[in-house]
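Notes for the one structure printed next.
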Amino acid sequence: MTSTFGKGCHLHLIDGSAYIFRAYHALPPLTRKSDGLPVGAVAGFCNILWNELTKDKGSDAATHIAVVFDHSSKTFRNEIYPLYKAQRPEPPEDLRPQFPLTRTATKAFNIACLELENFEADDIIATLARQAREAGGRVTIISSDKDLMQLVGGGVEMLDPMKNRKIGPDEVFEKFGVGPDKVVDVQALSGDSVDNVPGAPGIGPKTAALLIQEFGDVETLLERAHEIPQQKRRESLIENAEQVRISKRLVQLDDQVALDFGLETLELQAPDATKLMDFLNEMEFRTLTRRVADKLGVAPPEAPALTETAEAAPETPVLPFDHTAYQAVRDMGALNQWIAEIYEAGYVAFDSETTSLNEMLAEIVGISLCVTPGKACYIPVGHKTGGDDLFGGSALAPDQLPLDQVLAALKPLLEDPSILKIGQNLKYDAKIFARQGVRIAPIDDTMLMSYAMHGGIHNHGMDELSDRYLNHQPIPIKTLIGSGKTQVTFDKVAIDEAVKYAAEDADVTLRLWQKFKPMLHRAKVTTVYETLERPLIPVLMDMEMAGIQVDRDTLSRMSNAFAQKMAGLEAEVQEVAGQPFNVGSPKQLGEILFDVLKVPGGEKGKTGAYGTGADILEDVTTLEDTHPQGAKLAALVLDWRQLAKLKSTYTDALQEHINRDTGRVHTSYSISGAVTGRLASTDPNLQNIPVRSEEGRRIREAFVAPKGRVLVSLDYSQIELRILAHIADIPALKQAFRDGHDIHAMTASEMFNVPLDQMTSDVRRQAKAINFGVIYGISGFGLARNLRIPRAEAQGFIDRYFERFPGIKDYMTATVKGAQERGYVETLFGRKIHTPDINAKGPGQGFAKRAAINAPIQGTAADVIRRAMVRMPGAIAGLDAKMLLQVHDELLFEVAEEDVEKLIPIAKEVMEGASDPAVKLSVKLEVEAGRGQTWAAAH
DNA sequence: GGAGTCACG
DNA sequence: GACGTACGTGACTCCG
């Protein structure tokens, strides 16, 4: 069978160990049903292998393939340097038993499974890649590990499996600033904290790349180190020369490993169907077993009879999706039969098709229902005939029940408290039905169930959930309505096509619900779902439908004023620049500023463009003395940009959002959009209306109350700092809040030993930045940049802060540790925020750590205001008042003048007591109130 | 469609 | 001792 490996052959090398960790962290925990053995990582690993074997890669298809593993943690590198990879955390408890299983899996797929004592997987990969290259073949290394990048070139390339992106010499250069042949030199200098490669202290990747570009390689550099002008670099290199040499030996892969097999033995072979099916079946991977069985054309083995334990999920029969089985309901007889079935079942999955994503404008085109997996119907009510006639095809297509008749028949059912309505993003459908006078209740929402269980792991759109949990890819909407300019509305879709698509959505939703229902309980997030997600739907519906009155004339006048000012500024900009260019183009601006005018300090980012953000331009404006032309230009552009932003995003775009019928602006809140539990506002975003700048704040004058009514704003004072004080248990902070002190001034006083009555605004400002920094997972670099002070000074501040408030440091350490062990962090109310990147290596881990520190604080604050919002309608029911907007720590109400005095204390009490009784906070929450005819005045 | 920029908490 | 850095969002404009 085997032939020699040579020209025309293509070897795929899979970095197996990396895959296991990725699969483990990327996927929700999964255990084998029969005995509870953790198998999540094995399942993910098998899926990856199967995809690798079956996906069509055209000319990149493998002829030879192998999976390479690390044998153990000790390798020859530990003899060179005992600390190498010494600080690797132990793998999690439930991952360890899965390591041997992945080997078994690889063999079951009939793929060569390689590992060698004393060597890392990377060395074996290096050796095989060299052999293949020398034999004239091609190699694809499936990994995104930067340690492998030194191998790229000469027929060897890498493939990042997550991004599906090829990594060739250009990408390596982009990453390291040098070609593949110099990667080890750069790594030797910069070191690697994750692997404990020491490198030269004080030299990071950027400096390392510069040095290697100049000197060629590590050895030359070390010999000529005395020529380096920068004192720090020079000294570090001279002092640490030996350490750098060791580092190079650590990062240099060994491509001469003695292997006792030839490349030809890695030839790609079809898996042995029986062996593979046996393994998958033993692992109890139902869906993958079925997929593999389909593909190999063998019968799936009978599922072993499972002993039903108390908490095991009721078996969901795996039933293929069949679009031809869906029914079009075109007469009342059929509809009534469906209604009877729904009453019989007690629940129904439900979805609507409409003409718009904007619920305030959308018209119902059809409704789909599903009670049993695989059996669903679609009721067309608003489909139009083809667009052939002169009037744009506006005639109704034949054989459709009239909308009002369908609504009349469904209304009792949709409002029946004994019938559960299940949807995916039900707020959308519920709003549309509410406009037709139907209040859908009670409800379950699969999107929110997923959010409660898996926030932070993946998004919660139906296509993604279906793919992940049902292994099924629903018909993409684009195949029906197209995209871009030629996109049509759903009413133009032929009914036959619509039935397949729409009924499938209800079918998918029902299956997801059946799957999620028991999962929710096992993930211990039922309370979160029941108290923080689901009850928010009707509350947000009412807020969104109420909308807020926005005065078009005010916006329009401001827009004109902005346009005039911008034109003036633009002319000035061109004059200072000495040539015309597009002020709105950062690329052109950067070139004018740093290339043409030669302003010093221009820095190009990864895309090769100069950065021209506000902070950079602000720095340029300080060059008044040395470069007046650049300073002037930067100042003008900053002004221009502020106006451009205000005009395009606010004064212009906001007018487009004023609803024709209501004369008001209706935002849409996304409940599951932000991982921390915050809401997100879209179309338009009313959570980022300007307030910080004088000029911008005037936009809020356009947000008004109608005659006889008032806008009332209530916002939590320092809620995140208060929550931090409670969670981290900081007595000094708590006391300050109890005493009603200015918290930033108090911090400053503690830190700098300045009495409160001698506090300067500048010292207070610095303390405030530190307080916020703590909430964000502070770092010396970040604080230094924010305050524009030297890094060492910033670090000094942080050290002193931790000294004064030791609990903060403990909180941060404990939170990160918890995230690393469990894969998630929690809010005080039990919301889980998953942190899949927390054990990643590289800079991603830094991000993940800071996010993990921030999430319980931001998330708890988000939970608090959610609780207040859920209780608010009941509390203010007797008043002529409506809750209109939420801006993270603020609620905005519209109230009849005569009820203002009643509303404020009631709403305040609800907000201040929102954590009770679930959580007893050791810090009081305080709410401040404002009122006025406009939002500007109320704030 | 991604990157850059900037508005908010 | 240092990786590269503030946390969380959405909308608009340019440009390939």
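Throughout, protein chains are lettered first and strands after them, A, B, ... in sequence-line order, and every chain is numbered starting at 1. Worth saying up front: this structure is predicted, and the values here are computed from it rather than measured.
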For a quick check of understanding: with a heavy-atom distance under 4.0 Å over all strands, which category does [X] fall into, base, sugar-phosphate or nothing?
X        : result
A:Ser585 : sugar-phosphate
A:Gly773 : base
A:Gly613 : sugar-phosphate
A:Gly611 : sugar-phosphate
A:Leu646 : nothing
A:Ala861 : nothing
A:Ile203 : sugar-phosphate
A:Pro205 : sugar-phosphate
A:Asp889 : sugar-phosphate
A:Phe847 : sugar-phosphate
A:Ala208 : nothing
A:Gly202 : sugar-phosphate

> If you find the nucleotide of DNA chain C closest to A:Ser681 and the one closest to A:Ile775, which residue's nucleotide is nearer the 5' end?
Replying inline: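 Residue closer to the 5' terminus by nearest nucleotide: A:Ile775.
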> Which residue lies toward the 5' end of DNA chain C, A:Pro201 or A:Ser648, if each is placed at its nearest nucleotide?
Replying inline: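 Going by which nucleotide is closer to the 5' end, it is A:Pro201.
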Nucleotide nearest [X] when distance is taken to its side chain, options [options]:
X        : options              : result
A:Asn854 : C:dT9, C:dC7, B:dG9  : C:dC7
A:Asp683 : B:dT5, C:dA11, C:dG8 : C:dA11
A:Ala614 : B:dC6, B:dG4, C:dG8  : B:dC6

Quick check: are there more than 12 heavy atoms from other residues, nucleotides or ligands sitting under 6.0 Å from [atom1] of [X]?
X        : atom1 : result
A:Arg698 : CZ    : no
A:Gln231 : CD    : no
A:Gln579 : CD    : yes

Indicate whether OP1 or OP2 belonging to [N] is found under 4.0 Å from a side-chain N or O atom of [X].
X        : N      : answer
A:Lys587 : C:dG16 : yes
A:Arg692 : B:dG9  : yes
A:Arg785 : C:dA6  : yes
A:Gln588 : C:dC15 : yes
A:Thr607 : B:dG4  : yes
A:Arg850 : C:dC7  : yes
A:Asn582 : C:dC14 : yes

>> Can you classify the ring geometry of A:His460 versus A:Tyr451 as parallel (below 30°), tilted (30 to 60°) or perpendicular (above 60°)?
In response: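 It falls in the perpendicular class, over 60°.
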> For A:Gln187 and A:Ser247, does a side-chain donor sit closer than 3.5 Å to a side-chain acceptor?
Replying inline: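 The criterion, which ignores hydrogens and geometry beyond distance, is not satisfied for A:Ser247 and A:Gln187.
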> In the structure shown, which nucleotide is the Watson-Crick or G-U wobble counterpart of C:dA2, with both distances under 3.5 Å?
Replying inline: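 With both distances under 3.5 Å required, C:dA2 matches none.
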> If we call it a pair only when both distances are under 3.5 Å in a Watson-Crick or G-U wobble match, what pairs with C:dC14?
Replying inline: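 When the pairing criteria are applied, B:dG2 turns out to be the nucleotide that pairs with C:dC14.
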Going by atom type alone, with no hydrogens or angles, which donor-acceptor pairs under 3.5 Å involve a side-chain atom of residues 770-783 of chain A and a protein atom two or more places apart or on another chain?
| from | atom 1 | to | atom 2 | distance (Å) |
| --- | --- | --- | --- | --- |
| A:Asn771 | OD1 | A:Tyr801 | OH | 3.1 |
| A:Asn771 | ND2 | A:His744 | ND1 | 3.0 |
| A:Asn771 | ND2 | A:Thr747 | OG1 | 3.0 |
| A:Ser779 | OG | A:Gly782 | N | 3.1 |

>> Measuring only the P atom in each nucleotide, how far is C:dT5 from B:dG4? A whole number of Å is fine.
In response: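 Going atom to atom, P in each nucleotide, I get 12 Å.
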> P atom, B:dT5 versus C:dA6: distance in rounded Å?
Replying inline: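 Those two atoms are separated by 13 Å.
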> Is NZ or CZ of A:Lys647 both nearer than 6.0 Å to the six-membered ring centre of A:Phe562 and within 45° of the ring axis?
Replying inline: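 Pair A:Lys647/A:Phe562 does not count as cation-pi.
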